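Just so you know, ligand 1 is whichever comes first in the structure, and atom 1 is the first atom listed for that ligand. All figures in this text were calculated on a predicted structure; none of them were measured in a lab. Values reported hereafter were calculated over all heavy atoms of this structure, with side chains retained and with hydrogens, waters and symmetry mates removed.
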Amino acid sequence: MSFVSRGFTGRRRTAEPGRLPPGQHDVGEDFPVLSAGPTPHVPLEQWDFTVGGSVDRVRRWTWDEFRRLPREPVTADIHCVTSWSKLGTSWEGVAVRTLLEDVETEAGYVVAFCDGGYTTNLPLDDVGDGMAWVVDTYDGEPLPAEHGGPARLLVPHLYLWKSAKWVRGLRLVLQDEPGFWETFGYHQRGDPWQEQRYAGD
Ligand SMILES: Nc1nc2c(c(=O)[nH]1)N[C@H]1C(S)=C(S)[C@@H](COP(=O)(O)O)O[C@H]1N2
Ligand SMILES: [Mo]
């Protein structure tokens, strides 16, 4: 009889060494839903995406225009500050870099805003090439509403509260402005590898 039974190890898989940031565990096939309010449902013909704030001119895309932008597949591990991580998730969408193409700005930060009123702030340097996307597809299917569909921000190298669901735009700002969870004491940047969970971490 084996000393460590299957029941004892439970459903917690052991991720390969170095794959999980400190204090995180692997949820395996589960995909928890964490929303601070009800799931908004906005018809696609009313949906648009806006890049505004401290910019030379406001950019806006309708759903159809957004869908015609250059797209990228993204495979990434995601890390929620409540300690769960999900490994190897696959998405598709438009790089934030593409949405900021040719934007002239002095801004150092962005505030993502959403249907339902959620906001989160990010340094502009954290939404560069290969770092941040507005995704509308999860696992080859339209992004489910509870996970942020029709479209959400995906910034996998930061804690998942930065990956704003139901995102409708980015406001570029000269000075950092705390978003929803940041106002409640979460870290302004939120790097899981440095365990930047709360202000002061
Ligand atoms: N608009 C919006 N985006 C949000 C949230 C939210 O409450 N509203 N929760 C954040 C938090 S705390 C987490 S952990 C992730 C959860 O994403 P999921 O529900 O797809 O797992 O979404 C983030 N984005
Ligand atoms: Mo979270």
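Close contacts of ligand 1 with A164, meaning ligand atoms under 4.0 Å from a residue heavy atom, involve 3 (N), 24 (N). Interface of S163 with ligand 1, defined as ligand atoms under 4.0 Å from a residue heavy atom, comprises 22 (O), 23 (C), 24 (N). Within ligand 1, the atoms closer than 4.0 Å to a non-hydrogen atom of S35 are 7 (O), numbered from 1 in the order shown. Residue V33 has at least one heavy-atom neighbour below 4.0 Å for each of these atoms of ligand 1: 19 (O). Near C80, meaning under 4.0 Å from any of its heavy atoms, are these atoms of ligand 1: 14 (S). Near F31, the atoms of ligand 1 lying under 4.0 angstrom from a non-hydrogen atom of the residue are 20 (O), 21 (O). Near A36, meaning under 4.0 Å from one of its heavy atoms, ligand 1 places the atoms 6 (C), 7 (O). For ligand 1 and W166, the ligand atoms under 4.0 Å from any heavy atom of the residue are 1 (N), 2 (C), 8 (N).
Scanning the protein heavy atoms around atom 9 (N) of ligand 1, the nearest turns out to be L34 O, 3.2 Å. Protein heavy atom at the shortest distance from atom 1 (N) of ligand 1 is K165 O, 2.9 Å. From the protein, the heavy atom lying nearest to atom 18 (P) of ligand 1 is H147 ND1, 3.5 Å. Atom 23 (C) of ligand 1 has its closest protein heavy atom at L160 O, 3.4 Å.
Residue G148 places every heavy atom at 4.0 Å or more from ligand 1. Using a 4.0 Å heavy-atom cutoff, G116 is absent from the residues neighbouring ligand 1. Residue contacts with ligand 1 include R152, since one or more of its heavy atoms lies under 4.0 Å from the ligand. Assignment of Y159 to the shell around ligand 1 is not supported, since no heavy atom sits closer than 4.0 Å.
At a 4.0 Å heavy-atom cut-off, ligand 1 touches W161 through backbone and side chain alike. Contacts of W181 with ligand 1, taken as heavy-atom pairs under 4.0 Å, involve the side chain alone. If you look at C114 next to ligand 1, the close heavy atoms, those under 4.0 Å, all belong to the side chain. Heavy atoms of W84 found under 4.0 angstrom from ligand 1 belong exclusively to the side chain.
Checked against V111 for a side chain to side chain contact (heavy atoms under 4.5 Å, CB included), the options L172, L122, T119 give a single hit: T119. Exactly one residue among D139, T137, T75 makes a side-chain hydrogen bond (donor to acceptor under 3.5 Å, both in side chains) with S90. That residue is D139. Checking each of E177, R189, Q188 against N121 for a side-chain hydrogen bond (donor to acceptor under 3.5 Å, both in side chains) leaves exactly one that passes, namely Q188.
Using a distance-only test at 3.5 Å, with no hydrogens or angles considered, no donor-acceptor pair links the side chain of W61 to the main chain of V51.
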For D115 and R168, run salt bridge (Lys or Arg N to Asp or Glu O under 4.0 Å): C-alpha distance rounded to whole Å, both residues' side-chain angles, the deciding distance at 0.1 Å, then the answer. CA-CA 7 Å; D115 284 315; R168 288 290 298 273; 3.1 Å; yes

Candidate pair Q24 and Y159, rule side chain to side chain contact (heavy atoms under 4.5 Å, CB included), full reasoning: CA-CA 11 Å; Q24 297 294 113; Y159 282 122; 4.0 Å; yes

Evaluation steps, salt bridge (Lys or Arg N to Asp or Glu O under 4.0 Å), between E182 and K162: CA-CA 10 Å; E182 294 84 4; K162 299 287 183 180; 2.7 Å; yes

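Under the 30°/60° scheme for interplanar angles, the aromatic rings of W193 and H79 are found to stand perpendicular.
For the pair R67 and D136, the salt-bridge criterion is met [side-chain N within less than 4.0 Å of a carboxylate O]. Electrostatic pairing of D26 and R19 does not count as a salt bridge here, judged by no charged N lying under 4.0 Å from a carboxylate O.
Residue P32 has at least one N or O atom closer than 3.5 Å to an N or O atom of ligand 1.
Ring to ring, F49 and W63 are not that close: their centroids are 6.0 angstrom or more apart.
Among residues two or more places apart in sequence or in another chain, the ring-ring contact (aromatic ring centres under 6.0 Å, His included) test is passed with Y198 by Y186.
Clustering of Ile, Leu, Val, Met, Phe, Trp and Tyr side chains at separations under 4.5 Å leaves V58 isolated, with no partner residue.
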